[in-house]
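This report refers to the structure that appears directly beneath it.
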Amino acid sequence: MKLKTVFKILIVSSILLPVLIVGIVGSASYENFYGNMVSSETASVAYSAAKSQSIVFDRYATDLATMGQMSIIQRTAGGDYNAIKEQVDELLLSRVNADSALKDLIIMDGNGYSVAAAIPSSLAQTYKDFDKLAAAPDNSAYISDISFDASKYEGTSAFVYIIKEITTATGSSGYLGAVVDMMPLCSGLSSTSFFDNKGVIIFMDSSGNALNVNGGAVRNTDWSVPVEISLDALASLGENNKYAVFDENGYYGAYGRVNDSGWMWIASYPASAASFDAMIVLIIGLVVFAVFIVIDAVIAFNIYRRAITPIGTVTSVMEGINAGDRQKRLPRFKTYEFQVISEAFNSLLDEFYVSEDVHRTIASLSESMLFEWDLHGKTLYVSQNFRDTFDLDYEKANIFEDSFLSSLMSEVDARHFVKDMGALNEGLREYVENEFQIKTRSNTEIWVNIKTSAFTNRSGIVTKIIGVVTDINNKKKSSLQLSQKASYDFLSQLYNRSTFLKELQKLLDMKRINERYAILFIDVDDFKFINDRYGHNVGDEVIKYVSDTIKECLGKGGIAGRFGGDEFVLCLTDKEKVERVDDFSMSIIDALYSGYKCEAAGVTLNINASVGISLAPDHGTGAEELVGAADEAMYFVKKNGKSNYHIFDPEAAPDLDLGNTII
């Protein structure tokens, strides 16, 4: 079957889908409408019932307010209990005995401490939730959470404290509290049912304890609230918005506040108890929905079998090819279009493998060494002669990190190489060619020419970087020998003035932002005296001795040059030496002064030297500027006793034109 036939089936199914959507939306809309209607009716009935039951709280609040006006109550709360103890006890006990639901009456001072009570066990105690009591709104009765301490009061297992703030005889605040059994209220709520006794009203305190759950009082851990109550919705409830309706967790219903307390009433009606007619409509809707689901499933299965399965096969084959399985090919599909794709893909893959084999064969026959970095797969290919020459961990190598050729180069060359690779990767350059000195497996260093090119896809994104590494060691050595004659001072074998300044500027241009270099200008003290007394041959030997000492102290942490006569210049790049440049300077001074044994003159010469120091970038960014600053610092030493070092101080030479000092 052709792919276009599969799409015809898809078009036919798309005609049926709108009908399915209408059926689902219609059923859902009716169910939603019916749910809202039941929720509203439940809320209306429950609100009236909840108001009638909450009168219990109002009655006790009113009684407490009336008692609070009595002088003996006010005197007791104000601390005059002992004088009127018998009258107070008789009053409290008579009130408790007259009301079976009233378990205790307690008079408290302004700190919630009970000073009188109908039940003696309640005396001399501070109310346990006094912080909540103190935070209750003015002129409102405080209703506590349900307490389940059956041992506290006889005949009740669930009670609350209803407490009213009063004014004592001394004008301070006090409290009058009633301990009320909640089981009568629970019975009243249980008898207040609606909708064929299937609707239930529950009173819940601020901690989630509840009355009338299965006819009794329960802790918050022993039941689940049928609705997730919104604090914002609850806060907005008032005279104009008495309750909020809900349709959640298989219940229709509503909830609202119990008076001004932290209590709530929750009315719920099981959705399963909805009218039979509504259930019939919903059942029909569900049946229709199920029929269309089956139809769509059949259609989807057919589409999957005809179109999606071949795509899955193609994906699987591609994954195998990416994993390196060169034998993987697409099978012959039944669908015509996929047959064409399969044949074309397999033919193209065969040609690719042939081309790849030819490429690798050419690479193996070439004297140049090749590497290829695949940015998509982050994989590296290198020719065999490349592996034979360089000792690297090719499985972990990354051309952008210090795990490829840069790990075999000097710090400067490595930085340059990584920078070149980054420019290719970011599309800033398409081709880069440079010469580097690299360490080989035999631990010798050779000069190589590295040519690298970036290859992009149709979107212009770099996908591969290919490099050709050519051994130019012999050619480079010959060139260096010629260059050395022009770049080096013959006597000292250090850079001459012009070469040193060029090399110094290169280092400064490549310096990282947070790096510091130190430039030392060294002048041999009293060199003219040595020449005049012992002759120029001895003077030349002293120059060689000074240059050898400088090379030994410098190591590979910088460059050095001779500026002519008895003047030498160094650039320190080693971080530790730069940070301790004063110690380094003294080490040179001490090493020179340790003495040079001159065989020709038969004497040991203790060489003194004056050293001036400048720092990059502190004292400048240009080569001549920094050398000029070091030269100025050296002359400071000359003027102040010689044979010492000094770090350039810009404030001591405000008018110094450093750019022209050495010209």
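- Thr463 places a side-chain N or O within 3.5 Å of a backbone atom of Phe455 that can act as its donor or acceptor partner.
- Here the OG1 atom belonging to Thr379 is positioned 7.5 Å from the CD atom belonging to Glu372, to the nearest 0.5 angstrom.
- Here Lys544 does not pair with Glu541 in a salt bridge; the nearest charged N to carboxylate O distance is not below 4.0 Å.
- Between the side chain of Asn640 and the main chain of Phe636, a donor-acceptor pair closer than 3.5 Å is present.
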Stepwise side chain to side chain contact (heavy atoms under 4.5 Å, CB included) check, Thr452 with Leu424: CA-CA 8 Å; Thr452 46; Leu424 291 171; 3.3 Å; yes
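- Nearest heavy atoms, Asn644 versus Val637: O-CG1, 3.4 Å.
- Residues Ile613 and Phe584 are not in side-chain contact: their nearest non-hydrogen atoms beyond the backbone lie 4.5 Å or more apart.
- Two residues are said to be in side-chain contact when any heavy atoms from C-beta on lie closer than 4.5 Å; Phe563 and Leu501 meet this criterion.
- Ring to ring, Phe568 and Phe521 are not that close: their centroids are 6.0 angstrom or more apart.
- A cation-pi contact, defined as under 6.0 Å to the ring centre and within 45° of the axis, is absent between Arg441 and Phe390.
- Of the inter-residue distances, the one linking Glu552 atom CD with Ile588 atom CD1 reads 10.5 Å to the nearest 0.5 angstrom.
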Does the salt bridge (Lys or Arg N to Asp or Glu O under 4.0 Å) test come out yes or no for Asp574 and Lys577, once each step is laid out? CA-CA 5 Å; Asp574 182 87; Lys577 291 180 180 178; 5.6 Å; no
Under 3.5 Å donor-acceptor pairs involving side-chain atoms of residues 530-539, not counting sequence neighbours:
from: Asp532; atom 1: OD2; to: Lys528; atom 2: NZ; distance (Å): 2.8

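- The closest donor-acceptor contact from the side chain of Asn346 to the backbone of Arg329 lies at 3.5 Å or more, if one exists at all.
- Under the rule for a ring-ring contact (aromatic ring centres under 6.0 Å, His included), Tyr517 has no partner lying at least two apart in sequence or in another chain.
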Give the intermediate values and the outcome of side chain to side chain contact (heavy atoms under 4.5 Å, CB included) for residues Leu405 and Ile450. CA-CA 10 Å; Leu405 289 178; Ile450 301 180; 3.9 Å; yes
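- Under the 3.5 Å distance criterion, with hydrogens and angles disregarded, a donor-acceptor pair is assigned to the side chains of Glu433 and Asn449.
- Between Val569 and Leu520 there is no side-chain heavy-atom pair separated by less than 4.5 Å.
- Between Ser453 and Tyr431 the shortest heavy-atom distance is OG-CD1, 3.3 Å.
- With a 4.5 Å cut-off on side-chain heavy atoms, Val448 and Asn473 do not count as touching.
- For Phe345, the CZ atom counts as densely surrounded, since its 6.0 Å shell holds more than 12 non-hydrogen atoms of other residues, nucleotides or ligands.
- From Thr549, atom OG1 reaches atom OH of Tyr593 across 15.0 Å, with rounding to the nearest 0.5 Å.
- By the neighbour-count criterion of 12 heavy atoms within 6.0 Å, atom CZ of Phe490 is sparsely surrounded, having that number or fewer from other residues, nucleotides or ligands.
- Salt-bridge annotation for Glu515 and Arg415: present, with a side-chain N of the basic residue lying under 4.0 Å from a carboxylate O of the acidic one.
- Taking 4.0 Å as the cut-off between side-chain N and carboxylate O, Asp523 and Lys642 do not count as a salt-bridged pair.
- At most 12 non-hydrogen atoms from other residues, nucleotides or ligands lie less than 6.0 angstrom from NZ of Lys419.
- Residues Tyr488 and Tyr495 place their aromatic rings such that the two centres sit under 6.0 Å apart.
- Remark: side-chain polar atoms of Ser614 are paired, donor with acceptor, to backbone N or O of Leu626 under 3.5 angstrom.
- In this structure, Lys551 and Leu554 have side chains that are not in contact, with every pair of non-hydrogen atoms separated by 4.5 Å or more.
- Residue pairs meeting the side chain to side chain donor-acceptor pair (under 3.5 Å) criterion with at least one partner in residues 554-571, sequence neighbours excluded, are Asp489-Arg562.
- Here the CD1-CG distance, from Ile465 to Leu375, works out to 5.0 Å after rounding to the nearest 0.5 Å.
- For the residue pair Asn220 and Ser207, no side-chain donor N or O sits within less than 3.5 Å of a side-chain acceptor on the partner.
- In this structure, the side chain of Glu430 does not engage the main chain of Gly427 through any donor-acceptor pair within 3.5 Å.
- Side-chain atoms of Asn398 and Ser403 include no donor-acceptor pair closer than 3.5 Å.
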Determine whether Asp391 and Lys439 satisfy the following criterion, salt bridge (Lys or Arg N to Asp or Glu O under 4.0 Å), listing intermediate values before the conclusion. CA-CA 9 Å; Asp391 186 13; Lys439 186 182 295 184; over 6 Å; no
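- A distance of 7.5 Å separates CD1 in Ile647 from OG in Ser585, rounded to the nearest 0.5 Å.
- Ring pair Phe404/Phe417 is tilted by interplanar angle, where 30° to 60° counts as tilted.
- One finds the CD atom of Gln505 at 9.5 Å from the CG atom of Leu507 (value rounded to the nearest 0.5 Å).
- Considering all non-hydrogen atoms of both residues, Gly565 and Ile543 come closest at O-CD1, 3.4 Å.
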Checking side chain to side chain contact (heavy atoms under 4.5 Å, CB included) for the pair Thr621/Leu508: CA distance, chi angles, key distance, verdict? CA-CA 7 Å; Thr621 56; Leu508 294 171; over 6 Å; no
Please walk me through it: do Asp525 and Lys638 pass salt bridge (Lys or Arg N to Asp or Glu O under 4.0 Å)? CA-CA 8 Å; Asp525 295 334; Lys638 288 282 191 183; 2.7 Å; yes
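- Between the Ser594 side chain and the Ala591 main chain, a donor and an acceptor come within less than 3.5 Å of each other.
- Between the side chain of Asn457 and the backbone N or O of Gly460, at least one donor-acceptor pair lies under 3.5 Å.
- Contact record, Ala518 with Val578: N-CG2, 4.0 Å, taken as the closest heavy-atom pair.
- Tyr596 and Tyr545 have their aromatic ring centers within a separation under 6.0 angstrom.
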Evaluate side chain to side chain contact (heavy atoms under 4.5 Å, CB included) for Ser547 paired with Leu494, printing each intermediate quantity in order. CA-CA 7 Å; Ser547 63; Leu494 298 176; 3.8 Å; yes
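- For the pair Tyr645/Met634, no side-chain contact is recorded, criterion being any heavy-atom separation below 4.5 Å from C-beta on.
- At least one side-chain heavy atom of Pro650 sits under 4.5 Å from a side-chain heavy atom of His619.
- Residues Asn608 and Ser643 share a closest heavy-atom pair of OD1-OG, 3.6 Å.
- Judged by distance alone, with hydrogens and angles left aside, the side-chain atoms of Ser459 form no donor-acceptor pair with the main-chain N or O of Ile461 at under 3.5 Å.
- For the residue pair Asn434 / Asp420, a side-chain donor-acceptor distance below 3.5 Å is found, with atom types taken as modelled.
- Contact detail for Arg516 and Pro617: the closest heavy-atom pair is CG-CD, 4.4 Å.
- By the 4.5 Å heavy-atom criterion applied to side chains, Ile550 and Ile522 are counted as neighbours.
- Counting only N and O atoms by type, the side chains of Asn496 and Thr499 include a donor and acceptor under 3.5 Å apart.
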